[in-house]
Amino acid sequence: QVQLVESGGGLVQAGGSLRLSCAASERTFSVYAMGWFRQAPGKDREFVAAIRWSGVGIYYADSVKGRFTISKDNAKNTEYLQMNSLKPEDTAVYYCAASRWGWGRTLITVSTYDYWGQGTQVTVSS
């Protein structure tokens, strides 16, 4: 069982930056693909970014491409999401997720992931 704990959320003005972290309990973290999703009130959970276990394959939602950067530090069992040029529409609860067998474009799908964190709130004021 992999436990994921997010941190780094908060309140920021439009145009600002935040870095989210996701710490994993599993020592074999390196073999998992990792993703970030978000969910705004009244909306479905949506894909934000994902990275393959090797760190080579990276995917972004069109809405965040060029502003957000996903990375993975296997030595620290931690995943990151650097968010720059934040917009009010980025406001949501952000979740990290881990997938043991996901690959390629399957990583943009919620059902691909086996484990989820509890979420961290990101609020962007205009």
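In this structure, OG on S125 lies 5.0 Å from CD on Q13, to the nearest 0.5 angstrom. Here the OG1-CG distance, from T69 to N84, works out to 6.5 Å after rounding to the nearest 0.5 Å.
Checking W36 against E79 by side-chain atom types alone, a donor-acceptor pair falls below 3.5 Å. Side-chain contact check for Q121 and T123: at least one donor-acceptor pair (N or O, by modelled atom type) lies under 3.5 Å.
Using a distance-only test at 3.5 Å, with no hydrogens or angles considered, a donor-acceptor pair links the side chain of Y60 to the main chain of I70. Although no hydrogens or angles enter the test, the distance criterion places no donor-acceptor pair under 3.5 Å between the side chain of R45 and the main chain of Q39. When atom types are taken as modelled, the side chain of S126 and the backbone of P88 share no donor-acceptor pair closer than 3.5 angstrom. Using a distance-only test at 3.5 Å, with no hydrogens or angles considered, a donor-acceptor pair links the side chain of D114 to the main chain of R100. Looking only at distances, a side-chain donor or acceptor of E6 sits under 3.5 Å from a matching main-chain atom of C96. With T120 contributing its side chain and S7 its backbone, the two residues share no donor-acceptor pair below 3.5 Å.
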Please table the atom pairs, donor to acceptor, closer than 3.5 Å between any side-chain atom in residues 48-56 and protein atoms at least two apart or in another chain.
from : atom 1 : to  : atom 2 : distance (Å)
S54  : OG     : V56 : N      : 3.3

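Cluster annotation: W103 is not connected to M34 through the hydrophobic network of ILVMFWY side chains, with a link wherever side-chain heavy atoms come within less than 4.5 Å. Residues W101 and Y115 fall into different hydrophobic clusters, defined by Ile, Leu, Val, Met, Phe, Trp and Tyr side chains chained together at heavy-atom separations under 4.5 Å.
Contact of the S17 side chain with the M83 side chain is not registered, since no non-hydrogen atoms from C-beta on lie closer than 4.5 Å. A 4.5 Å side-chain heavy-atom check between Y94 and L18 finds every atom pair outside the cut-off. When side chains are defined from C-beta on, R38 counts as touching S63, because their heavy atoms get closer than 4.5 Å. You'll find the side chain of K72 reaches within 4.5 Å of the side chain of N74, heavy atoms only. Looking only at side-chain heavy atoms (C-beta outward), R19 and L81 stay at 4.5 Å or farther from each other.
By the neighbour-count criterion of 12 heavy atoms within 6.0 Å, atom CD of Q3 is sparsely surrounded, having that number or fewer from other residues, nucleotides or ligands.
Among all heavy-atom pairs drawn from C22 and L4, the shortest one is SG-CB, 3.9 Å.
Ion pairing of D62 with K65 is present here, as a side-chain N (NZ or NE/NH1/NH2) and a carboxylate O approach within less than 4.0 Å.
Scanning for side chain to side chain donor-acceptor pair (under 3.5 Å) contacts around S71 gives an empty result, with sequence neighbours left out. With sequence neighbours excluded, the residues satisfying side chain to side chain contact (heavy atoms under 4.5 Å, CB included) with T78 are S21, A23, K76, Y80. When the side chain to side chain contact (heavy atoms under 4.5 Å, CB included) test is applied to K43, the partners found at least two apart in sequence or on another chain are A40.
Residue F47 shares its hydrophobic cluster (ILVMFWY side chains chained together at separations under 4.5 Å) with F37, Y59, V93, Y95, L107, I108, V110, Y113, W116. Hydrophobic cluster membership for V5: none, as no Ile, Leu, Val, Met, Phe, Trp or Tyr side chain comes under 4.5 Å of it.
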